[in-house]
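Structure first, commentary second.
Residue numbers start from 1 in every chain, and the chains themselves are labelled A, B, ... in the order their sequence lines are given, proteins ahead of strands.
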2 protein chains.
Amino acid sequence: MTLDQLRYFKAVCQHDNVSLAAEALNISQPSVSNAIANLEKEFGSALFTRQRKRLVLTKEGTLLLEMTEQLLSQADNINRIMREMGSKKQILRLGVPPMIGSLALPVLFTQHFNRYPQLQVHIAEDSNSGLKRLLADNQIDMAFLPHIHSFGSEWCSVPVTELQNVCCVSKTHRLAGRSKICLADLKDEPLVLFKNSFFQTQRILEGFSHISCTPNVLLDTAQLSTVQNVVASNAVVGFMFEFLLKSTPSLVGIPLDPPMSTLVSLVWKKDRHVSESMENLIQFIKETPNGICTASQG
Amino acid sequence: MTLDQLRYFKAVCQHDNVSLAAEALNISQPSVSNAIANLEKEFGSALFTRQRKRLVLTKEGTLLLEMTEQLLSQADNINRIMREMGSKKQILRLGVPPMIGSLALPVLFTQHFNRYPQLQVHIAEDSNSGLKRLLADNQIDMAFLPHIHSFGSEWCSVPVTELQNVCCVSKTHRLAGRSKICLADLKDEPLVLFKNSFFQTQRILEGFSHISCTPNVLLDTAQLSTVQNVVASNAVVGFMFEFLLKSTPSLVGIPLDPPMSTLVSLVWKKDRHVSESMENLIQFIKETPNGICTASQG
DNA sequence: TTATTTTCATAGTTTTAAACTATTATAGGA
DNA sequence: TCCTATAATAGTTTAAAACTATGAAAATAA
């Protein structure tokens with residue numbers, strides 16, 4: 001059993017076809033056939049049934065595929081990590097949810113990453129669930145994530161900042177003078193929300209369902225500027241993080257009652273090797289507990 | 001990077017010596033040197049410093065060794081599992097602590113394993129901590145373990161039976177008539193205990209320290225028969241599982257006050273593939289919740 | 001210091017195995 | 001029935017991994 005044999009096997013499974021797999025691997029078809037045959041000889045059982053029209057995985061093949069994917073992923077990781085160390089240039093693959101990116105990234109780039117000229121930063125912007133999957137697959141090293149889905153023992157994290165979720169309206173809106181507001185007050189207001197995939201939206205909808213209200217959702221969007229512009233037009237009520245209002249003077253935020261806040265953490269997998277650049281970022285976050293917060297307010 | 005290269009690298013690390021590693025691997029020394037050189041070329045960094053007296057792992061080498069051991073262990077598992085499936089003969093590697101073995105094994109062999117003639121059972125008898133390590137290293141498939149060290153989320157288990165820990169004395173002993181006894185009553189008695197590595201012993205000692213007593217331990221042994229014989233000689237007081245007294249009519253057990261019991265579970269790693277023979281054993285345990293208990297009493 | 005031993009790297013050769021090309025066999029579809 | 005698609009087989013080439021032999025560097029001993 002060699003890693004190459006397993007790679008070929010995986011490719012055949014993905015394509016359900018030896019010839020296509022060979023093409024994708026840039027090798028000849030008999031080489032792939034050979035590799036599969038050698039695996040079958042070594043293990044003593046068929047991995048595919050070839051009787052019928054198509055290749056179908058046997059019980060043994062299914063099990064091997066599952067274990068193979070794990071092994072190859074780990075092998076690729078070793079390769080990547082070792083090459084990175086060898087090439088001296090550090091790479092940090094960081095996941096950031098769209099909303100938090102606008103807060104955290106400017107601070108990180110001006111106060112942290114610029115201190116490491118040899119550091120190459122790759123930012124992956126994705127939803128929270130998407131980032132979690134990327135982390136699990138080792139496609140990113142760390143991510144900023146709301147500490148909501150309680151992370152199990154296989155995750156490490158350091159707290160970054162606590163963000164306030166506020167209701168926001170135009171300065172000329174009827175509710176603009178309120179010092180705080182509860183969801184029940186908003187049950188008949190037309191609302192603009194971020195899409196369901198944003199977990200803040202989920203919490204707001206849960207809040208409504210908790211008081212047995214069906215909110216009047218006029219629009220759900222993924223664009224912050226859409227929310228800002230529609231709210232500024234005075235027609236509707238929106239929700240966003242308080243810090244996002246700093247840059248839009250035409251809007252005012254009204255704290256929710258009860259308050260709703262989000263603890264954002266920097267998260268990574270426990271079983272992963274913590275590279276130098278990861279360690280540096282963790283240190284920066286730990287040393288500036290309010291750094292990202294205060295910077296946003298400056 | 002191939003699995004063989006990593007295997008050679010690991011061997012060199014283990015022997016701190018290329019020549020010895022080559023000998024252990026049954027290949028020539030230049031082959032090993034070559035493999036290491038190829039890894040270093042591929043990764044772009046030295047894995048050892050050879051300048052000085054001996055081979056010393058570099059930072060990169062240390063990291064690679066750590067990741068390599070994981071990868072090779074997983075690769076060996078794949079190999080073993082697939083070969084096992086291919087050879088049709090099933091193998092179950094079961095870990096059993098010495099005390100529990102005398103209870104569980106006869107039941108398992110007469111009521112369960114005998115139903116699977118093609119099944120080959122390997123029993124590993126070891127301490128609880130030893131078994132846990134064997135499980136972690138995938139050197140055994142499952143083990144019977146007291147459910148004391150609370151198992152984290154990376155472990156699966158099914159409860160097997162609850163065993164009573166009792167104080168035991170000879171039939172003619174002064175305390176033989178007691179219906180129950182507390183540790184404080186025993187603070188001046190000469191005791192015979194199993195070695196500290198037995199977790200029941202640890203619990204008894206904890207119990208004594210809890211009431212600020214230093215027990216008078218005359219003898220600690222790993223042999224059940226030693227405990228039985230010394231206790232039977234009427235000189236000392238011992239502790240054991242109640243079921244172990246069934247076969248020794250010259251001894252009587254006195255329940256502890258408060259009672260002390262041990263929940264024994266069948267445990268395995270969550271990330272492991274559950275083979276047919278493992279599944280069969282789990283089913284047997286589930287279907288006969290008191291089977292092992294009652295059998296011991298018959 | 002100098003000789004001796006240990007140990008790893010290098011050079012050159014052999015062997016093995018993995019890749020290739022060409023062809024055959026088998027099944028589905030026209 | 002023929003044609004096409006696809007995998008297996010045969011035979012050859014190539015590449016890499018093993019070997020033997022030797023050289024270089026450092027540690028050990030005289």
Subject >> Qualifying salt bridge (charged side-chain N to carboxylate O under 4.0 Å, His left out) pairs with a residue from residues 81-92 of chain A, counting only residues at least two apart or across chains >> reply: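 Checked against salt bridge (charged side-chain N to carboxylate O under 4.0 Å, His left out) - neighbours excluded - the pairs reaching residues 81-92 of chain A are A:Arg80-A:Glu84, A:Arg83-B:Glu42, A:Lys88-B:Glu60.
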
Rounding to a whole Å, what distance do you find between [X]:[atom1] and [N]:[atom2]?
X	N	atom1	atom2	result
B:Asn38	C:dC8	CG	P	17 Å
A:Gln29	C:dA19	CD	P	13 Å
B:Asn26	D:dA18	CG	P	12 Å
B:Asn34	C:dT10	CG	P	9 Å
B:Leu3	D:dA17	CG	P	13 Å
B:Glu23	C:dC8	CD	P	12 Å
B:Leu55	D:dA26	CG	C1'	12 Å
B:Leu39	D:dA16	CG	P	15 Å

Subject >> Rounded to 10 degrees, the angle between the two terminal axes of the helix from C:dT1-D:dA30 to C:dA30-D:dT1, each from five pairs >> reply: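 End-to-end axis angle: 20°.
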
Quick check on [X]: does its [atom1] atom have over 12 non-hydrogen neighbours (other residues, nucleotides or ligands) under 6.0 Å away?
X	atom1	result
B:Glu23	CD	no
A:Glu276	CD	no
A:Gln283	CD	yes

**OP:** Please determine, for the side chain of B:Ile27, which listed nucleotide (D:dC19, C:dA19, D:dA8) has the closest atom?
**Re:**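 For B:Ile27, the side-chain atoms sit closest to D:dC19.
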
Original post:
Of the nucleotides D:dA7, D:dC19, C:dA22, which has the atom closest to the A:Pro30 side chain?
Top reply: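 Nucleotide nearest to A:Pro30's side chain: C:dA22.
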
Subject >> Shortest non-hydrogen separation from B:Ser31 to B:Ile27 and the atoms involved >> reply: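 Where B:Ser31 meets B:Ile27 most closely, the heavy atoms are CB-CD1, 4.0 Å.
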
Does OP1 or OP2 of [N] have a side-chain N or O of [X] closer than 4.0 Å?
X	N	answer
A:Ser31	C:dA18	no
A:Asn17	D:dA7	yes
B:Ser19	C:dT7	no
A:Ser33	D:dA8	yes

**OP:** Would you indicate what B:Tyr8 reaches in the nucleic acid, counting non-hydrogen atoms under 4.0 angstrom: base, sugar-phosphate, or nothing?
**Re:**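 Counting heavy atoms under 4.0 Å across all strands, the contact made by B:Tyr8 is with sugar-phosphate only.
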
**OP:** Just call it for B:Ser28: base, sugar-phosphate, or nothing, with non-hydrogen atoms closer than 4.0 Å on any strand.
**Re:**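 Base contact - B:Ser28 has a heavy atom under 4.0 Å of at least one base atom.
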
**OP:** Kindly determine whether A:Ser33 and A:Gln29 satisfy side-chain hydrogen bond (donor to acceptor under 3.5 Å, both in side chains), including the steps that lead there.
**Re:** CA-CA 6 Å; A:Ser33 288; A:Gln29 169 262 314; 3.1 Å; yes

Subject >> A:Asp76 with A:Arg7: basic N within carboxylate O range, under 4.0 Å >> reply: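 Between A:Arg7 and A:Asp76 there is a salt bridge, with a charged N closer than 4.0 Å to a carboxylate O.
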
